[in-house]
Asks: 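Attaching a single structure in structure tokens format; questions to follow.
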Amino acid sequence: MKITGLVTVIICGALLIFYAMDFPDFGDGTSPASTYLSPYFIEHTIEDANVPNIVTTVLADYRGYDTMYETTVVFTAGLACFFLLRRKESQNPPARFYRHTPTGITLRIEEGGKLPAEGSKVFMRIDSLWAPDSLIIKNTCRLVIAFIQLFALYVVAHGHHSPGGGFQGGVLLGSSIILFAISNDLRRSIKRFNEKTSAILGALGVLLYAGTGFLCLLLGAHFLNYKALAPIFRSTAAMARSHGILCVEIGVAFAVMAVMIWIYYNLSSAGKHDEGL
Amino acid sequence: MSLPIDMIILSLVVVSGIAAISVKDLLGAAIVFSAYSFLMCLSWAVMGAVDVAFTEATVGAGVSTVFCVAAVFHTTRRTKD
Amino acid sequence: MENLIHMIGAKFNYIAYIILMMIGLYALIAKNNLVKKIIGMSIFQTSIILFYVSTAYKTGKAIPIVEHGHGAHSVIHATDYINPLPHVLMLTAIVVSVATLGVALALAIKVYRQYGTLEEDDINSQIRIQAGK
């Protein structure tokens with residue numbers, strides 16, 4: 001298999017490199033890729049939508065359909081992970097580990113033993129594979145998470161003027177919760193942001209995107225033509241498109257954040273939502 | 001003509017790509033793949049694709065590494081090749 | 001000879017993308033471990049993204065964010081900015097690639113739970129034994 005693979009790969013690569021020599025030069029401004037459609041996008045972005053970042057305009061306005069279905073694909077991937085991995089906890093859990101907080105002693109409670117109360121302040125449940133309790137890691141992450149979330153909100157809201165937007169901001173928001181789940185433990189993270197919330201937020205994000213489109217349809221324009229929203233925002237057509245882009249980006253950020261967290265919960269606990277990384 | 005820094009970064013990308021598929025430890029492969037993603041993100045930033053580079057920095061070097069590590073944690077680190 | 005060096009310099013990104021794509025394809029064909037195959041798939045995806053971003057580049061031009069966007073409305077020339085369209089196509093592709101990576105790893109965990117191994121030949125022999133009995 002190795003030799004077959006190597007021969008196939010070398011023949012394919014040689015052919016591709018041979019034909020790649022006919023491509024336009026790297027950095028050529030007059031290549032066919034940048035002469036037909038993209039000049040229109042670059043020249044009309046300010047007068048059409050009043051957004052300096054051309055990538056944001058093309059992403060959420062000119063090619064809005066594309067992005068809507070990409071968001072749907074991300075949400076579907078989250079659902080697929082859920083259906084593949086999620087399983088109920090068994091009735092008789094295996095041995096569990098608890099830490100007695102005042103003394104720092106670790107206890108192992110055998111299968112069927114008497115477990116401490118759920119909200120006990122003295123006995124804290126810990127993962128069976130990861131015992132050390134680090135004050136520094138917990139408190140540093142607690143400090144950093146707030147700034148990550150603030151930066152994520154800035155990235156979502158300022159995507160019109162600087163690099164950024166719904167996808168990046170959503171991933172940053174999701175990674176802040178993932179950082180919390182890694183630095184503390186998965187159970188505490190699930191207590192704050194549980195599976196149901198992530199499913200509902202993911203669906204809500206896609207709904208917000210499609211709902212903006214349907215609102216335009218109701219107001220008498222085409223699907224996702226934000227010009228029709230001008231009476232709602234009490235602004236000109238160009239500014240209405242700018243605000244419409246912001247609505248859509250918020251929907252994308254919700255969906256991406258929720259799906260990233262959801263996939264992490266399912267992957268890190270292999271579907272049991274019991275003990276994470 | 002390509003930029004010299006672009007050539008250097010892309011050579012490093014190729015090296016780390018080969019390393020990612022030839023390391024005999026899956027956790028190591030996940031970490032090398034993270035380095036690969038970050039170098040790729042640098043090369044896109046050099047080429048002026050700031051939005052794409054930002055996305056790759058958050059997604060490729062951040063979240064996908066966590067996913068890989070989580071999956072390796074629940075399966076096995078050992079591999080025959 | 002000089003001609004060849006000039007040609008490689010002008011097409012270096014395309015050569016690099018083909019090499020990366022072939023690394024990914026080799027991992028998909030020849031590697032035995034499922035996680036290695038998934039990493040190969042991701043390398044394949046990023047190589048395609050590298051190709052698209054390379055086609056968008058214009059030497060010495062500005063990044064695709066309009067300068068003085070809300071100030072004096074001077075005329076915007078399309079030749080002053082890097083082509084933004086491939087960037088948009090690839091931005092969504094990256095996020096979708098991480099979603100597919102999640103699904104692929106979920107499938108790998110599921111396979112490991114069923115067969116106790118990630119090696120493809122072991123899984124195949126186990127399937128053969130089960131079919132034989």
Side-chain angles (χ1 to χ4, degrees), chain B residues 1-4 6-7 9-11 13-24 26-27 29-30 32-33 36-37 39-41 43-60 62-81, chain C residues 6 9-13 15-17 19-20 23-24 26-27 30-36 38-40 42-43 46-47 49-50 52-54 56-59 61-65 82 84 86-88 90-91 94-95 97-98 101-102 104-106 108-109 111-113 116-119 121-122:
Chain B
M1 273 309 261
S2 300
L3 313 162
D6 192 39
M7 290 187 180
I9 293 174
L10 280 176
S11 314
V13 165
V14 171
V15 170
S16 57
I18 293 170
I21 63 162
S22 54
V23 173
K24 289 210 189 304
L26 289 181
L27 202 58
V32 175
F33 183 61
Y36 166 89
S37 291
L39 285 169
M40 202 60 143
C41 146
S43 101
W44 294 337
V46 168
M47 280 188 252
V50 276
D51 280 88
V52 186
F54 192 2
T55 318
E56 178 72 8
T58 53
V59 168
V63 176
S64 73
T65 312
V66 174
F67 286 175
C68 278
V69 171
V72 171
F73 188 76
H74 278 283
T75 54
T76 172
R77 270 179 78 164
R78 279 196 301 270
T79 170
K80 277 191 265 180
D81 54 2
Chain C
H6 177 78
K11 313 275 198 266
F12 189 82
N13 278 47
I15 296 170
Y17 115 76
I19 293 171
L20 284 173
I23 292 171
Y26 176 75
K31 288 289 168 184
N32 208 8
N33 188 291
L34 290 180
V35 174
K36 280 280 175 68
I38 292 167
I39 288 176
S42 290
I43 290 176
T46 39
S47 80
I49 298 169
L50 174 67
Y52 269 78
V53 171
S54 303
Y57 185 70
K58 296 177 191 169
T59 310
K61 298 303 189 306
I63 59 170
I65 296 174
I82 293 172
H87 296 180
V88 176
M90 290 307 110
L91 204 148
I94 291 173
V95 180
S97 86
V98 75
L101 180 77
L105 290 172
I109 290 178
V111 166
Y112 186 79
R113 213 186 273 164
T117 176
L118 282 177
E119 306 292 328
D121 48 358
D122 292 354

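Keep in mind that the numbers below use all heavy atoms, side chains included, and drop hydrogens, waters and symmetry copies. So that the names make sense, note that chain A is the first sequence line, chain B the second, and so on, each numbered from 1.
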Asks: Mind listing the closest non-hydrogen atom pair of C/Ile63 and B/Gly48 along with its distance?
Replies: CG2-O, 3.6 Å
Asks: With a 4.5 angstrom heavy-atom cut-off, could you sort out which part of C/Leu20 is near chain B: side chain, backbone, both or neither?
Replies: side chain
Asks: Using non-hydrogen atoms and a 4.5 Å limit, figure out which bit of C/Ile82 sits close to chain B: side chain, backbone, both or neither.
Replies: side chain
Asks: Does B/Arg77 have any side-chain hydrogen bond (donor to acceptor under 3.5 Å, both in side chains) partners at least two apart in sequence or in another chain, and if so, which?
Replies: B/Asp25
Asks: With only heavy atoms counted, which part of B/Val13 is less than 4.5 Å from chain C, the side chain, the backbone, both or neither?
Replies: both
Asks: So C/Phe12 and B/Asp6, do their side chains get closer than 4.5 Å, heavy atoms only?
Replies: no
Asks: Minimum heavy-atom separation for B/Phe67 to C/Gly102, with atom names?
Replies: CD1-CA, 4.3 Å
Asks: Between C/Leu118 and B/Thr79, does a side-chain contact (heavy atoms from CB on, under 4.5 Å) hold up when you go through it step by step?
Replies: CA-CA 8 Å; C/Leu118 282 177; B/Thr79 170; over 6 Å; no
Asks: Output all residues satisfying salt bridge (charged side-chain N to carboxylate O under 4.0 Å, His left out) with B/Lys80, sequence neighbours left out; order by chain, then residue number.
Replies: C/Asp121, C/Asp122
Asks: Begin from the C-alpha positions of C/Val53 and B/Met47 and carry the test side-chain contact (heavy atoms from CB on, under 4.5 Å) through to its verdict.
Replies: CA-CA 8 Å; C/Val53 171; B/Met47 280 188 252; 4.1 Å; yes
Asks: State, without any angle test, whether C/Thr46 and B/Tyr36 hold a side-chain donor-acceptor pair at a distance under 3.5 Å.
Replies: yes
Asks: I'd like to know which of B/Thr58, B/Leu10, B/Val63, B/Val50 tops the heavy-atom pair count under 4.5 Å against chain C.
Replies: B/Leu10
Asks: Which answer fits C/Leu101, side chain, backbone, both or neither, if we ask what part of it has an atom under 4.5 Å from a heavy atom of chain B?
Replies: side chain
